[in-house]
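Read the structure below first, then the notes.
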Amino acid sequence: MDIIEILKQDYQQFPENQTYSLYSETVYFKDPMTEFRGCDRYRQMIGFMSTWFKQIKMDLHDIRRIDDTIETRWTLNWTTPLPWQPRIAISGRSELQLNPEGKIISHIDYWDISRLDVLKQHFKPQVSEKNR
């Protein structure tokens with residue numbers, strides 16, 4: 001199966017059943033919150049998300065390959081396990097760099113909102129269906 005098709009599947013079922021074999025053992029990852037190297041750390045980060053957050057959903061809006069770069073646009077949603085259960089949304093994009101063997105050696109995420117705006121979503125009043 002083509003790497004684009006595999007990534008589409010991975011986004012659809014994120015964070016479950018990710019295809020870690022697509023990534024180099026020394027993959028570089030960076031987003032506005034963290035930066036590290038290594039596929040094991042990548043697995044740990046996704047494992048942390050699936051353990052801590054609830055109802056995680058990754059909507060893939062666009063994916064394209066240009067030479068050795070894959071670009072994606074997405075929206076990540078989850079429920080934070082606080083008493084008021086805030087639903088969080090981050091839209092953004094990813095740049096994945098491939099090595100000559102076709103493995104992902106770099107995964108950099110860019111968010112469309114600031115870290116502060118993500119934090120604010122946790123405290124913004126939620127309008128429930130009962131209050132409408």
Name all residues meeting the side chain to side chain contact (heavy atoms under 4.5 Å, CB included) criterion together with T51; count only those two or more places apart in sequence or in a different chain, and write none if there are none. none

Say whether [X] and [Y] are linked into one hydrophobic cluster, either directly or through other cluster members, by side-chain heavy-atom distances under 4.5 angstrom.
X: F14; Y: I4; result: yes
X: Y28; Y: Y20; result: no
X: Y11; Y: Y110; result: no
X: I90; Y: W52; result: yes
X: I46; Y: I6; result: yes

Between Y42 and Q18, is there a side-chain heavy-atom distance shorter than 4.5 Å? no

Reference residue R65; test side-chain contact (heavy atoms from CB on, under 4.5 Å); the match among L98, L7, L96: L98

Set of residues satisfying side chain to side chain donor-acceptor pair (under 3.5 Å) with respect to D31, sequence neighbours excluded: none

Could you give me the CA-CA distance, side-chain angles and deciding distance for D109 and H107, then say whether side chain to side chain donor-acceptor pair (under 3.5 Å) is met? CA-CA 7 Å; D109 287 346; H107 177 152; 2.7 Å; yes

Crowding at NZ, K103 (>12 non-hydrogen neighbours, <6.0 Å): yes

Atom CD of E95: over 12 foreign heavy atoms under 6.0 Å: yes

For [X] and [Y], which heavy atoms make the closest approach, and how far apart are they?
X: T34; Y: F36; value: OG1-CD2, 3.8 Å
X: A89; Y: N77; value: CB-OD1, 3.2 Å
X: R87; Y: Q121; value: O-OE1, 4.0 Å

Look at D117 together with R115 and state whether they make a salt bridge at an N to O cut-off of under 4.0 Å. no

Tell me yes or no: between the side chains of [X] and [Y], is some donor less than 3.5 Å from an acceptor?
X: T26; Y: S24; result: yes
X: D112; Y: S91; result: yes
X: T79; Y: Q85; result: no

Nearest-0.5 Å distance that lies between atom CE in M45 and atom CG in D40: 12.5 Å

Looking at residues at least two apart in the chain, or sitting in another chain, which of them share a salt bridge (Lys or Arg N to Asp or Glu O under 4.0 Å) with [X]?
X: E71; result: none
X: K54; result: none
X: K8; result: E5
X: D62; result: R64

Do side-chain atoms of D10 reach the backbone of T19 as a donor and acceptor pair under 3.5 angstrom? yes

